[in-house]
Every structure is written in structure tokens, then in C-alpha cells.
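Per chain, numbering begins at 1; letters A, B, ... match sequence-line order.
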Amino acid sequence: MDEKQHLYLVDGSAYIFRAYHRLPPLTNPAGTPVGAVYGYTTMLWKLAEDLHKADGPTHLAVILDKAGTSFRNDLYDQYKANRPPPPEDLVPQFPLIRDATRAFSLACIEEDALEADDLIASYARAATLRGWDVTIVSSDKDLMQLVGKCGTGGGCVDMLDTMKNLRIDVPEVVEKFGVPPEKVGDVLALMGDSVDNVPGIRGIGPKTATKLIQEHGDLESALAAAPSMKPGKLRESLIEQADMARLSRVLVQLKEDCALPIPIEDFALGQIPREPLAAFLEEHGFTSLLRRLDDGKGSPGPKTQLNPAKPENQAAAPASPQGGNRQPLPSWPAPDLSAYACVQSMSELQQWIARAFAARVVAVDTETSALDAMRADLVGVSLALGPNDACYIPLGHGGSDMFAEKPVQVDRAEALAALKPLLESDAVLKVGQNIKYDLNILARHGIMVAPIDDTMVMSFCLDAGRGEVGVAGHGMDELSERHLLHATMKFKDLCGTGKKAISFAEVPLADATRYAAEDADVTWRLHRLFQPRLVEEGGMRVYQKVDRPLVPVVAMMERNGIKVDRERLAGLSSEFATQIARLEGVIHEAAGMAFTIGSPKQLGEVLFDKLGYKGGKKGKTGQYSTDQSVLEGLAAQGAEVATLVLEWRQLSKLKSTYTDALQAAINPDTGRVHTSYSLVGAQTGRLSSNEPNLQNIPIRTEIGRQIRDAFVAEPGNVLLAADYSQIELRLAAHMADVPALKEAFAAGEDIHARTAMEMFGTVDRDTRGRAKTINFAILYGISRWGLGGRLGVSADEAQAMIDRYFERFPGIQRYIHETLESVRECGYSETLFGRKTWFPRIGSKNQAERQGSERAAINAPIQGTSADIIKRAMARMMPALAEAGLGHVKMLLQVHDELVFELPEGDVAAARPVIERVMATAAEPAVKLTVPLGVEIGTGLSWGAAH
DNA sequence: GAGGTCACG
DNA sequence: GACGTACGTGACCTCT
């Protein structure tokens, strides 16, 4: 008949304490801490996966402690008396443990006046008597007394420690206690238990207790033998505290005859139903588990941070121009620069590290000798654990002046070795302001910092667009002044500027401590402010789902860098130089005088005053405009000089910005060019690239394209470029719900040709080009004058085209109207993933300003959604490649709708479909698009050849 | 430091 | 009646 029954008894209460201390302080979309719940959920998941395995559970119940006292308190009023209250952020998780258990449709047992251990012992006994095997899921040492117990029916007990993935049977117990399980109670009675406040015998620890029981067999024999022992402390303790030991023996004895509230048959496991489990996983943002549930595959996935899954439909917060300060400041003391510690010994450092482990959240900042994360040397590290509770650890001060005395510092390698476990611990959240920089600095020292939060990125998810025009608005100095009403020390005041500037390594320790520790302190405080705001204001979703996972990915791309062919660039530079010199001569001759061609002012005067060409002045500065369109106009009039100047400008631009600058940007250590991406640079959520900017390498002209050929792969490798095709138009078709455009994309049509057909009834080079212009005009927020100017038609004609467009593509006009209405009402626009961009000037009385904001507001959801999608693709890319055995493929660059990789030529065939799939499905499962995302992939020995 | 110009998506 | 006319960036140059 029946196969062997196997009952799993899960010690839930003990588990969540361990999970709490082992996992980072995660929160669910509602802001409730759920780190321990997550750990608990994954543990149940693992057990459920064993369901059909040979030794897996046929029956399972979770046993929980119920708050209150037990019979042991009647025996000993001090029992568990000195147990500290559970941590504040664990308390709200207790009820969620029951929810989680119910979500798995599992039984959950708790009884007043009974401890979980006693219920477990009683159930274990009942089951073994019936001949069932029992596995106790716990690592509690008290429960080890039960291991190996076999009932008359033939069932036996073992234990399973899911965290260490360890089976505990009799040999393991013997290894731990030196005695078999039935003697464990005697050992425990002697050694006591400080956590439960079981007294034991003072002065006797595990070693002595084990030895005594090994020698004498059991507690009573050991106590009886005491008078004949050799005189000493041990003998006296045993005699004097014999009663305490006997009391302890009773306290540690498990009660095996409790009434069983639910019969064991009721614990039978079936297939775990999808609901209510899916709803629970979704509610708490356990999306990786949710995905596995839907995949129906059980392999443990990557540990993911939590993501909200709910759309944000809360009422919009009133728009405030600066953002932030609506809530009162917490009652923190103002930053006190004299309160910070300078850590100059390993023992002090060890104390800070221990306290950081206990605090579980630590703000971290690194100080370096320069701003380039790929070249700078580490000079020091600062940590903050709370307001004014911060320190600076100098590691590389002094040294440039060989006569000056070097300040006392801990050895850098030793300090980093001590910091590494903290910085890499899953259980401690590391908070930084622009932590990507610190990630890169520390990665160069072999430390892979995780998990992280970034206050700069958090600020961006809250307040993008809110700062003054042209100001990034997410720098620490600004955030401190805006949110903490505190002016930070300025780097300039410490190190100076320009030629007189000194390295941070030369700053005296006292000043360096004040500056560096203040940064960490401020970062810690900002984190405390932003965390609840992200939840309340609905920014958590995009932060956790899109931006935070991207930080380490972008850091890695920056470290990867890309190889450029220096000789090729140098060749182009000298070619360009020759041409420029030749053109200069010709231009000066044509002008009849020598002048600075690169000066728009001088050029304007030469063209319009001296040579007498017709052209308008421009506004405020009273200066002639000489930009490309003006010069092209002159050239069309037959002005030879204009043509020459255009050519000169192109070559000067290419030489100074690219062929010269890129050679200088090659890192001497790596031989590659490492850009730096800003995650908060563009209001819409796009990345930006700087020093050097690798997002504007020429491609549109043949002469500029040669520069792309200088971006190359290492020998044996190729570059692979993967582009989203027309992603913004596709998103516009989806978001505005335009049937004709959606059909065209679904059918894989040439979208500009389709537009031309709809607009003009015919497709040729001319109408397709005009249609393309109109399509872009739509994305950018259209005006009749703007479109007319671009197409070279009157505003009235342009308006007629716009009307026709709206007619042929219904949905667009509605989208524009609804977007603007919503922005006027809420103050911000939103992407499909919930990224907000604020438009404080949408209601401006200045028409130009207001209309500018309106155009930007029409564009932001589209451009921003596109940015969200490629960011999601980037975050998923390396895990997906690694799963396909392609973990060595390097992701190098992102250019808004393009990703560039470097990989061995032989791996192209394998990598191509993975990259294609990750990019094409990047919106899922959060957003279901009604248009396909097209991805085009090319490879070659150079970036130019990969297109 | 501002303004003009132009490289990219 | 004038405004100034496409969205988003960053780098380089000149001139104050």
C-alpha cells in the first residue's frame, strides 16, 4: 500500500529570526519591512520543491511560538526573562509569516502556553508512533534532543537546516555535542542557555558540560560524582548549583505529550495551488518567485530585490516647485563636524565594522586622489551609522612630500580586507551618494559592494525635473541644503581649484575627517528621508525595478571600457589637420583678411558686414547667427566661403572632439577608453555619457563614420551592436493606441513609408522623407511653425499636414491632450513604468517657456519609457548570458537605443539570440506592449563595421 | 562662465 | 502685437 509517510515540522519562529539577521532590510511596495518574510518564503518554496523527491515531505506543518508565557515560567520565573524585544522592523513581519504560510496553503500551528519546541516534540512523537518519518526544519539546539528518536511504529526523526542546507542526524549531533541526542538535555542543563535564560551552572560552558556527561553518563551521575572530584572551582560549582542544574534539566526537557490541535493526517500535501500564493508574492513584490511560479520551473533563481507590482493610482501629490520638504525634518541633531571619528587603528576599525553589521544599514563614501574612478587612487573611506555617528578611515594620506611626516594610518590592504566582508555582506545595505563611483573604486581593490542604495538615484526617482533649469539638482551639496537645511563643507575649500589645487591625499587628517565623515553622515540622513518618500510618492517601483538594479551593471560597463585604435585616430587627426590648414588659407583669401574662423562673432562680421551677404541678427547678444542652416542658406546663394566654412567646421569638430580627444582618453593601465555614465543626467530617465561622451560618436556622415572604425574588438573578438528599431515610434503607437501604426509595426512594415502612404497617398523618396520628419515632429511635440520650417513649407501648409496626421492616426491627438491635462494637474508626466518627470514651468505665463514645457512633457513619457525598457534589458542581460554559458561576453556601451558588446567571434551565434530575446522582451512582465519591439543586430571587427 | 555650435539618439 | 519655434544630451571653442 502506502509509501512511507514523511512529516516536515517547520520551526517558523526560529527561522525568521535567523532570516532577519541574514538578509538585507528589504521593504515591500507598501513600505513594510519584509526581509525576513522573503527569507521565510524562499525557505517554504525550497521545501515545496522537494515535494516529489524521494526523501521529501508528504505532510508539512509550520509551528510558531505564540507570544505569552509557558509552563516553564511557572517553574522558573526568570525563564526567557532577559530576552531583548525583537528589532523594530521585525515586529511587523510576524503576522506576515502567517500570511506567507497560508499563501502556500500550509497548516500553521500555534498554541497558547506552549512553545513551538514542545508542539514539535509532540507532533514528532505522534508521527513516529504511527511509523512516519519526521524531519524538523530548524537548527535549534534544543530540538537536537529529538534527533534519532524512533517510534515503535518504525518512524525516525532527523533535522534539516535549510540555511546551511544541512541534514542533521545522530552523527551530526554527536559531532556538535560530543554526546548522542538523548544526552543533549543533560549537556544543555549544565551549560545553560543565555538566550532563553536557562541558568545551567555558572562557569560551565559547552566544553566542560560535554566532558562531564561523557565521563559520567548523565546529569544526576555527574552531580553525584561531584564530592569525589578533585577540589577546585568545578567541584564547588557542581555542589553549590546542583539545584540550578536540575531546574535547568527540566526547563530544557521537551514536552512530548501536548494535545495536538490538528491531527497529523490533515497536514497532507497536495500540489500547492497557484492562488493565493501568486497574490501574496505579488503583494510583497517577490517578483522573481512570481516569475518562477509562472514559468512552472523550480530551480532557485537569482536573489532579486523587491519590486512593487501594483500600478500607482494614488491621488497625485500637489506639485511643489522644489520637491522634498513637505514633511517636517526629523528631530536629528544638526551635523556636528567635531563629532566624527578618525579611525587610525585596526581595533577601532573592527569596532566600527561590528557596529555596522549590527546596524544593517551603513552609508559609505570613498575619498580618492582624482575624479576619474578608473584612474584615481583610494585615499580613505568614511562610514556613517546614524546622525553624527560617522567616521573617516584615512588610508592613503601624505606621501607626496617625502620630507613631511606621514600621518598615522591603518595599513590599507589590512583595512580593506577587514572592510570587505561588511561591504559584500548580503545582510548589510550599503548606501552611497552616486555609489557607482565607489563601486568602481572598490572593485579595483577586489571588493564587490552589494547590496546598495544610492541617494542620488533615489532623489532622481523622486524629483527629476524639479530643480532649476540647467541644474542637475541631485548633487550632495544641493540635496543637503534642500532637504536637511544644512550647508556642507565644500571640496574647493579643502583642496582649492585650478593650478593651486591639491589632492585629497594632502589634506590634513582633521579636515579630511570632517569633510569625508560629513558626506557619509549626510548620505545616511538623505537615505532616511528618501526611503519613505519613495514609497509614499510612488517612486519605489521605478527605483527598485529599473534604476537600482542598473547601478552595478553600469559600473561594470564603465570598468569594461572599449578598445580604440590609437594609430587609426592619429592618422585621421593628421589628415584632418592638413585639410583644415588648407581650408584656412582658402577662407582667409576669399574673405580678403585673416580672422578666427572658429569665432562665430568674427565670422558673422566677415560674412555679413565685410562681404555683404544677407542674414539676420539674433536676439539678445546682437550677434549674427552663423549656424549650419544659415551657412547652408548662404551656400545656396552661391557664397563659396560659406561652403568652405562648413567643411572647416566639420573637420575641426571631428578633430578636436573625437580624433584628438579620444586618443587622450585612453587609460594607460587598461589601454581602453572608459566613459562615465550619469544615471541622473537626463530628465527623461535616459543615461548620459561623459568624459568622454561615447553616446555622440559620429555616424551620420561618411567622413565622421571613419571614427567609429577606430572602436575595435580585441584580437579574436568582435563587437556586436544591437539596436532597437524605431522604439520611440513603437511606444507612441502603443501609448496613444494608434491602430494604423500598430498594424504597420505588427506587420513589419517600413513605418515611414506607411506614414507617407497614409499622408500623401504615394511613397517615394520625397514623401517618405517628409513622413519621417512628421513622425519625429509628433514625438517631439509638434508646432506648425516648427514643422513648416523643417519641411520648407508655410505654417498653414504644415498645419494642414498635422490635421491630416491626426485624422489618419487617431489617438495621437488624444494622447497629446490627455498627457498635457495630466501634467497640468499633477505637475509631472509618467512613463509606463511609473517614472515621473516634473514640469514646474508647465503653467508659466511666459508663452515660450510654457510651450517649451508642453513639448517636453509630450516627449518625456515616450523617451522615458524607451529609457526604462533598455535599462531593464541591461539589468537582465548578464544573468541571461551567464545562464547560456556566455558570462564572459562583455557589455560595453549604451547609446539610448543600442547596446554594444564584445565577445569571441565563435560565440556570436550563441549570444545573438540571447541578446535579441532579452531586449525584445524587456518590458515584460510589468508591461504588456501591443506592438512588438524590433531588435537589429550586427557584428564586425569595429563598431563601424557592426552596423 | 556664457554663448554658440554641432556630434549623437 | 510680439514672442520664436522639435525632444533629450555633452564637448569644444571663443570671448568676457
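- Between A/Q602 and the phosphate of C/dC15, there is a side-chain N or O to OP1/OP2 separation shorter than 4.0 Å.
- Per the geometry, CZ belonging to A/R686 stands 11 Å off P belonging to C/dG10, to the nearest Å.
- When the nucleotides C/dT5, B/dC8, C/dT9 are ranked by their closest atom to the side chain of A/S688, C/dT9 comes out on top.
- Within 4.0 Å (heavy atoms only), A/N696 reaches at least one base atom of the nucleic acid.
- Rounded to whole Å, the distance from NZ on A/K655 to C1' on C/dC13 is 13 Å.
- Whole-Å rounding puts the A/I862 CD1 to C/dC7 C1' distance at 10 Å.
- When heavy atoms are screened at a 4.0 angstrom cut-off, A/S689 is found touching the sugar-phosphate backbone but no base atom.
- Look at CZ on A/R730: it is 17 Å from P on B/dG9, rounded to the nearest Å.
- Looking at every heavy atom in both residues, A/P861 comes nearest to A/T831 through O-CG2, 4.0 Å.
- Side-chain N/O atoms of A/K653 and base N/O atoms of B/dC6 include a donor-acceptor pair closer than 3.5 Å.
- Around CG of A/L646, the count of heavy atoms belonging to other residues, nucleotides or ligands within 6.0 Å exceeds 12.
- Looking at heavy-atom distances under 4.0 Å, A/E898 makes no contact with the nucleic acid at all.
- Comparing the P positions of C/dT5 and B/dG4 gives an interatomic distance of 11 Å, to the nearest angstrom.
- Backbone-only engagement by A/T626 is indicated by non-hydrogen atom pairs under 4.0 Å involving sugar-phosphate atoms exclusively.
- Both distances falling under 3.5 Å, in either a Watson-Crick or a G-U wobble arrangement, place B/dC6 opposite C/dG10.
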Please determine whether side chain to side chain contact (heavy atoms under 4.5 Å, CB included) holds for the pair A/L607 and A/L631, giving the CA-CA distance in whole Å, both sets of side-chain angles, and the decisive distance to 0.1 Å. CA-CA 10 Å; A/L607 288 172; A/L631 294 185; 3.6 Å; yes

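- OP1 or OP2 of C/dC15 lies within a sub-4.0 Å distance of a side-chain N or O belonging to A/S599.
- Side-chain N/O atoms of A/R855 and base N/O atoms of C/dG8 include no donor-acceptor pair closer than 3.5 Å.
- Within 6.0 Å of CD on A/E758 lie more than 12 heavy atoms contributed by other residues, nucleotides or ligands.
- Nucleic acid contact for A/I697: sugar-phosphate only, since backbone atoms but no base atoms lie under 4.0 Å from a heavy atom of the residue.
- For A/T684 and C/dG8, the shortest distance from a side-chain N or O to OP1 or OP2 is not below 4.0 Å.
- Comparing the same atom, P, in B/dT5 and in C/dA2 gives a spacing of 25 Å after rounding to whole Å.
- Atom CD1 of A/I782 is separated from atom P of C/dG4 by 21 Å (rounded to the nearest Å).
- Using a 4.0 Å heavy-atom cutoff across all strands shown, A/E728 reaches no nucleic acid atom at all.
- Residue-level contact check: A/T773 touches the bases, meaning some heavy atom is under 4.0 Å from a base atom.
- Of the candidates C/dC13, B/dA7, C/dT5, the closest approach to any side-chain atom of A/Y658 belongs to B/dA7.
- Within residues 787-805 of chain A, the residues that place at least one heavy atom under 4.0 Å from DNA chain C are, in residue-number order, A/R790.
- Among the protein residues, A/A860 comes within range of no part of the nucleic acid, since none of its heavy atoms lies under 4.0 Å from any strand.
- Atom CD of A/E854 and atom P of C/dG4 are 16 Å apart (whole Å).
- OP1 or OP2 of C/dC13 has not a single side-chain nitrogen or oxygen of A/R649 nearer than 4.0 Å.
- The phosphate of B/dC8 has OP1 or OP2 within less than 4.0 Å of a side-chain N or O from A/R700.
- Base contact: A/A777 has a heavy atom under 4.0 Å from a base atom.
- Comparing C/dA6 with B/dC6, their P atoms sit 15 Å apart, to the nearest whole Å.
- When the C1' atom of B/dC8 is taken as reference, atom CD of A/Q628 falls 13 Å away, rounded to whole Å.
- Between the side chain of A/D463 and the main chain of A/R466, no donor-acceptor pair closer than 3.5 Å is present.
- Checked against A/T773 for a side chain to side chain contact (heavy atoms under 4.5 Å, CB included), the options A/I778, A/L787, A/T755 give a single hit: A/L787.
- Across every strand in view, C/dC15 sits in a pair with B/dG1 that passes the Watson-Crick or G-U test at under 3.5 angstrom.
- Comparing C/dC7, C/dT5, C/dT14 by their nearest atom to the side chain of A/W785 picks out C/dT5.
- Between the side chain of A/Q847 and the base of C/dC3, at least one donor-acceptor pair of N or O atoms lies under 3.5 Å.
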**Request:** I would like to know whether A/R824 and A/E818 meet salt bridge (Lys or Arg N to Asp or Glu O under 4.0 Å); could you show each step before the answer?
**Result:** CA-CA 10 Å; A/R824 285 189 198 107; A/E818 285 173 1; over 6 Å; no

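- Taking the six-membered ring where the residue is Trp, A/F608 and A/Y624 present tilted rings, their angle falling between 30° and 60°.
- Atom CG of A/L607 is separated from atom P of B/dT5 by 11 Å (rounded to the nearest Å).
- More than 12 heavy atoms of other residues, nucleotides or ligands sit less than 6.0 Å from atom NZ of A/K490.
- Using a 4.0 Å heavy-atom criterion, one finds that A/I699 contacts the sugar-phosphate atoms exclusively.
- The aromatic rings of A/W943 and A/F711 lie perpendicular to each other, with more than 60° between the two planes, well past the 30° mark.
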